[in-house]
Each structure stands twice: as C-alpha cells, then as structure tokens.
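Presented below is the structure to which this report refers.
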Amino acid sequence: MNRRDWFLLAASSVATTGLAGTDQVMEAPAGARVPAIKFVYDCDATLLPAIPFGETAEGTRRIIPITGGTVKGPRIRGVVLNNGADWNLSRKDGASSVEAAYYLRTDDGVIIRVVNKGVGPASAPPARPDIREPFFMFTAPVFEAPAGKYEWLNQAIFVATLGARRGAQNAVLIRVFQVV
C-alpha cells in the first residue's frame, strides 16, 4: 500500500489508543505534573507529487516537495516558503515516517525554520466517532527562530497532528500544539 492510500484509509478510520494498543488509560502518580497542550497554529501546506527515491535498507524512500501554504494561529501568522521537503519513508515494518524541513515567513517578515519528524502506525487505527479530521500521525516539530518576537518557539516542546486537507490533493493540515 502506498503512502497516499494509507493516509486515505487512516483518514476514514481515526483513533488514538492507550497502553499497548488498547483503550486502557493509566492514571498518573499522585502529585505528578501532567503535561497539557495549548494550540499554536494550523498549517495548510501544499505539496508536489512524491519523487521516488527507491528502496533503501530501511524501506522505500520518497521525497515530497513542500511548495507553500499558510500558517494561522493566535500568536503567529504567515506563509510556508517554497523549497522545503519531506523525506518520507515507508518502513519495512509497515510504519511510515516523515522528516520534513521547511521555512515559514511570518506576516511581519520573520523567517522561522521548522523540522518536523513523526512516525505513523503500520495499520490504520480503529475509528473514533468524536474525531472527524483525516489523521495520519503525530509529529514533533522543532523550531529555529531569531531572537525577538518568536524566540518562544525555541524554548518549548511541541507536538502536532498531520493529516489530509479535506477536499484537496497534494496538501496536508499540520495542527501544532505547545506542551505546557
């Protein structure tokens, strides 16, 4: 199954699972600080079709050019610059991984580097009726921003969801959250 077909299958049956692939949830130890998340932005990124790289020792590699897009959040707005890429891998164990690097230009002209990595499961997770967004995997974006208004991006941990953008081909929705 190719990446696009897997993504479309995953988009039609979305869920997260608990410990060891079950719906079991573990309680945190008493007094433990439990992370929460805060919405940072939505990124609608446009892509070109994948360029086959070929079989490697790890699996089938593809290069997916990132051609643009928009970033919209309460503290940051801007565009995705052309010439980024995702070095996508369909691993031999059936999982998929992404390693994307690209740049944002904020509405006030600041350039920010983003490296976003993630791993998706070998099979689509079971459906959850409370989640309607097409979902591929969780990722962990890391930012490099210059000193100033956006340096807070350098000083935090972020997680994101990566999914298909409804009604669009060769486009993804990346929803970024800060761990607080």
Side-chain angles (χ1 to χ4, degrees), residues 7 10-11 13-47 64 66 68-81 84-86 88 95-121 124-168 171-180:
F7 285 163
S13 58
V14 178
T16 58
T17 58
L19 203 55
T22 69
D23 290 327
Q24 179 182 8
V25 176
M26 273 184 63
E27 292 294 321
R33 180 173 178 169
V34 177
I37 57 172
K38 178 171 67 170
F39 174 70
V40 177
Y41 66 75
D42 280 345
C43 174
D44 282 310
T46 55
L47 314 169
I64 302 172
I66 300 169
T70 59
V71 172
K72 296 178 184 172
R75 296 177 66 188
I76 184 169
R77 293 177 89 69
V79 296
V80 177
L81 299 179
D86 169 15
N88 176 265
S96 287
S97 68
V98 298
E99 185 175 337
Y102 51 96
Y103 289 87
L104 310 177
R105 182 175 52 230
T106 64
D107 284 353
D108 52 354
V110 176
I111 304 295
I112 299 169
R113 181 173 187 256
V114 182
V115 175
N116 197 10
K117 296 180 181 183
V119 176
R128 268 185 53 187
D130 59 322
I131 300 176
R132 301 254 189 277
E133 291 183 344
F135 172 79
F136 304 153
M137 66 183 67
F138 292 107
T139 63
V142 176
F143 298 92
E144 183 179 358
K149 182 177 178 180
Y150 301 102
E151 66 186 312
W152 59 273
L153 291 165
N154 302 329
Q155 302 165 355
I157 300 293
F158 298 88
V159 295
T161 57
L162 171 63
R165 190 168 72 192
R166 287 201 185 277
V172 293
L173 172 63
I174 305 162
R175 185 157 283 156
V176 177
F177 302 88
Q178 181 178 351
V179 177
V180 293

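In what follows, every heavy atom counts, from backbone to side chain, and hydrogens, waters and symmetry copies are set aside. Here, residue 1 is the first one in the sequence, and each next residue gets the next number.
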Worksheet entry | Trace of the side chain to side chain contact (heavy atoms under 4.5 Å, CB included) decision for T139 with M137 | CA-CA 6 Å; T139 63; M137 66 183 67; 4.1 Å; yes
Practice prompt. Take V172 and D86 through the test side chain to side chain contact (heavy atoms under 4.5 Å, CB included) and record every step on the way to the result.
Written response: CA-CA 12 Å; V172 293; D86 169 15; over 6 Å; no
Worksheet item: Would D42 and L173 satisfy side chain to side chain contact (heavy atoms under 4.5 Å, CB included), going step by step from the backbone distance to the final call?
Response: CA-CA 7 Å; D42 280 345; L173 172 63; 4.0 Å; yes
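Put simply, the side chain of I112 does not reach to within 4.5 Å of the side chain of Y103, judged on heavy atoms. The side-chain heavy atoms of N116 and F158, taken from C-beta on, include no pair separated by under 4.5 Å. Taking the side chain as every heavy atom from C-beta outward, V110 and K149 never approach each other to under 4.5 Å.
Residue G69 comes nearest to T46 through the heavy atom pair N-OG1, 4.0 Å, listed as atom of the first residue, atom of the second, then distance. Between V80 and C43, the shortest heavy-atom contact is CG2-SG, 3.5 Å. Minimum interatomic distance between V40 and I76 (heavy atoms only, all atoms of both residues): O-CG2, 4.1 Å. The two atoms that bring D107 and G78 nearest to each other are OD1-CA, 3.4 Å, heavy atoms only. Taking each heavy atom of G163 and F136 in turn, the nearest pair found is C-CE1, 3.5 Å. Nearest approach of A156 to Q178, heavy atoms of both residues: CB-NE2, 3.4 Å.
At most 12 heavy atoms of other shown residues, nucleotides or ligands fall within 6.0 angstrom of atom CD1 in I157. Heavy-atom neighbours of E27 CD from other residues, nucleotides or ligands within 6.0 Å: at or below the threshold of 12.
Rounded to the nearest 0.5 Å, atoms CD1 (I66) and CD1 (I174) are 6.5 Å apart. In this structure, CG on N88 lies 11.0 Å from CD on E99, to the nearest 0.5 angstrom.
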